[in-house]
There are 2 protein chains.
Amino acid sequence: MDSIPTRSLHAISSSCDRCSLSSLCLPLAVGTGDMSLLNAAVKRETPYDRGSAVFTQDATFESCYVVKSGAVKTVRISERGDEKILGFYLPGEMFGLDGLTGERYTSSAIALERSAVCEIPFHRLEELSRELPHLQHYLFRLMSQEISGAEQLGMLLSNNTAEERIISMFLTLSSRQARRKLSATRFRLPMARGEIANFLGLALETVSRVLSRMQKQQQIRLDGRDIELLDLDALQRQLRQNPDFCVATG
Amino acid sequence: MDSIPTRSLHAISSSCDRCSLSSLCLPLAVGTGDMSLLNAAVKRETPYDRGSAVFTQDATFESCYVVKSGAVKTVRISERGDEKILGFYLPGEMFGLDGLTGERYTSSAIALERSAVCEIPFHRLEELSRELPHLQHYLFRLMSQEISGAEQLGMLLSNNTAEERIISMFLTLSSRQARRKLSATRFRLPMARGEIANFLGLALETVSRVLSRMQKQQQIRLDGRDIELLDLDALQRQLRQNPDFCVATG
DNA sequence: CGTGGACTTGATCAGCGTCAACCCTCGTGG
DNA sequence: CCACGAGGGTTGACGCTGATCAAGTCCACG
């Protein structure tokens with residue numbers, strides 16, 4: 001349906017203080033007085049087409065990035081050669097922070113659709129951090145969040161059924177929508193079924209089957225990649241409740 | 001057999017520059033001139049008994065920690081109430097870095113055996129970081145490593161068989177032994193079978209079975225928690241090689 | 001109109017979780 | 001000194017969830 005309006009692409013060359021994402025992004029951590037410092041550090045590039053790489057695994061680490069519009073996935077190629085999706089990043093979210101180890105990116109970042117990103121050279125961020133304590137603290141927090149997030153994924157992948165994993169992913173996407181002041185119940189999935197499957201450690205067919213079942217059970221409404229979560233609370237309850245307890249009443 | 005000698009407990013009150021782990025730990029990032037600054041920030045406490053908590057989930061975040069002797073696991077309680085082990089930490093390794101988000105620890109840290117740890121109040125680390133650029137960079141790297149590590153666990157849990165997970169875990173432990181200049185092929189597992197299982201997203205029985213099989217196939221020698229890896233290269237090859245390729249020659 | 005990519009649906013099969021029995025070791029107390 | 005129980009570990013039988021293989025549908029696109 002409505003694709004990304006080309007108009008938004010022009011906005012790329014704007015400054016941080018005029019950016020619509022400023023309430024989600026680094027400006028949060030910087031007082032208005034210091035905004036020009038931050039602004040000077042940010043490089044704004046031409047948008048990336050679907051499938052093109054913002055950075056690639058094993059390239060020397062230079063910058064971290066923030067999604068400005070569109071969506072990005074990070075993938076790592078394992079020793080066996082197969083590709084594993086580690087995360088999806090939506091507007092206002094920073095990625096590339098895992099690259100610092102060993103001075104090389106440990107994953108590739110690929111645009112899921114035509115996407116604009118802001119690039120921030122990390123050494124500039126480090127310098128700024130020394131001058132702006134709030135920024136330093138914010139960066140530590142961001143990285144800490146990435147750790148928690150990756151751990152959360154690990155938990156999801158270890159002892160959860162296919163349905164639980166998918167619900168959990170949808171709820172995460174939902175709350176990230178809400179964070180951007182968008183609908184928490186209706187949105188468009190930026191990734192293909194196969195990418196959902198890969199991310200959740202499932203087979204593509206399993207994802208498809210679970211989605212069909214959830215649709216039949218009136219938990220969601222699906223139309224291609226457009227999704228509607230029909231009862232957020234019910235979904236949340238389903239994650240919380242120990243399946244063992246279901247039998248007791250029956 | 002030989003438990004931790006009580007002698008080592010006295011060494012706790014020593015300073016960073018005299019610590020045997022200084023080549024693995026924060027002193028790495030600090031010049032000898034600034035060592036006293038770091039040293040003043042570190043609190044050294046009485047050791048923790050097996051099963052006792054260094055910090056607990058949801059407590060307010062204050063400090064990060066380094067294992068001085070013994071071993072520590074971090075665990076998170078899920079919404080469903082079950083416990084998931086997120087990582088094991090050996091001497092020289094820092095933990096508690098995931099706590100920064102939201103000002104609360106997102107996991108608990110439990111001693112696997114009688115363990116000594118160094119505590120470093122995080123706000124002190126932040127202050128020091130501003131004065132010592134190397135330390136700041138080192139901290140960013142450490143956190144970045146934690147992200148990579150957690151992602152690596154995620155990869156392991158998504159598309160790998162029980163045997164691959166276990167081999168991978170042993171190889172990781174092996175290389176961490178080597179980092180400490182200890183034997184890469186013979187060591188003692190600080191965790192129980194059930195803890196290995198939990199960490200790897202398997203059932204306890206599956207771990208036990210795989211270990212027995214590996215022992216029969218002369219890949220490892222086991223005696224309780226003492227383990228010997230009989231052919232590191234072979235184990236590594238087993239992870240790398242795509243199982244599909246094995247059939248081709250048969 | 002044909003082709004390829006994304007997705008769905010069905011049938012089959014195996015890896016691993018679950019349940020259960022059993023063993024060993026160690027610490028406690030009679 | 002031995003009996004006992006608890007905790008940790010091993011092994012076996014069985015069934016289920018989800019992977020795999022395969023066929024088929026529905027677009028969007030040239």
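Note that this is a predicted model, so its numbers are computed, not measured. Basis for what follows: all heavy atoms, side chains included, without hydrogens, waters or symmetry-related copies. In what follows, every chain begins at residue 1, and chains take the letters A, B, ... in the order their sequences are listed.
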Distance, rounded to the nearest Å, where A:Arg188 contributes CZ and C:dA6 contributes C1': 12 Å
Between D:dT10 (C1') and B:Met214 (CE): distance, integer Å: 17 Å
Any donor-acceptor N or O pair under 3.5 Å, side chains B:Ser144, A:Thr101: yes
Euclidean distance, atom CG of residue A:Leu200 to atom C1' of D:dA19 [Å, nearest integer]: 15 Å
Nucleotide D:dT17, atom C1' - distance to CZ of A:Arg213 in whole Å: 10 Å
A:Arg104 and A:Asp58: CA distance, side-chain angles, deciding distance, salt bridge (charged side-chain N to carboxylate O under 4.0 Å, His left out) verdict: CA-CA 5 Å; A:Arg104 293 186 179 278; A:Asp58 295 329; over 6 Å; no
Interatomic distance where CG belongs to B:Asp223 and P belongs to C:dT25 [whole Å]: 10 Å
Spacing between B:Leu202 atom CG and C:dT18 atom C1', to the nearest angstrom: 14 Å
A:Glu93/A:Lys68 salt bridge by N-O under 4.0 Å criterion: no
Contact letters for nucleotides 7-12 of chain C, in which S counts primed atoms plus P, OP1 and OP2 and B counts the base, heavy atoms under 4.0 Å: SBBBB-
For atom CD of B:Glu195 and atom P of D:dG7, their distance in whole Å: 14 Å
Value in whole Å for how far the P atom of C:dG17 lies from CG of A:Asn159: 8 Å
Sole candidate of B:Ile110, B:Leu112, B:Val207 that passes side chain to side chain contact (heavy atoms under 4.5 Å, CB included) when paired with B:Glu195: B:Leu112
SB check B:Arg213 B:Glu163 (cutoff 4.0 Å): yes
Carboxylate-amine/guanidinium contact B:Glu151 A:Arg76, below 4.0 Å: yes
Sugar-phosphate only, base, or nothing, as touched by B:Ala203 at under 4.0 Å among non-hydrogen atoms: base
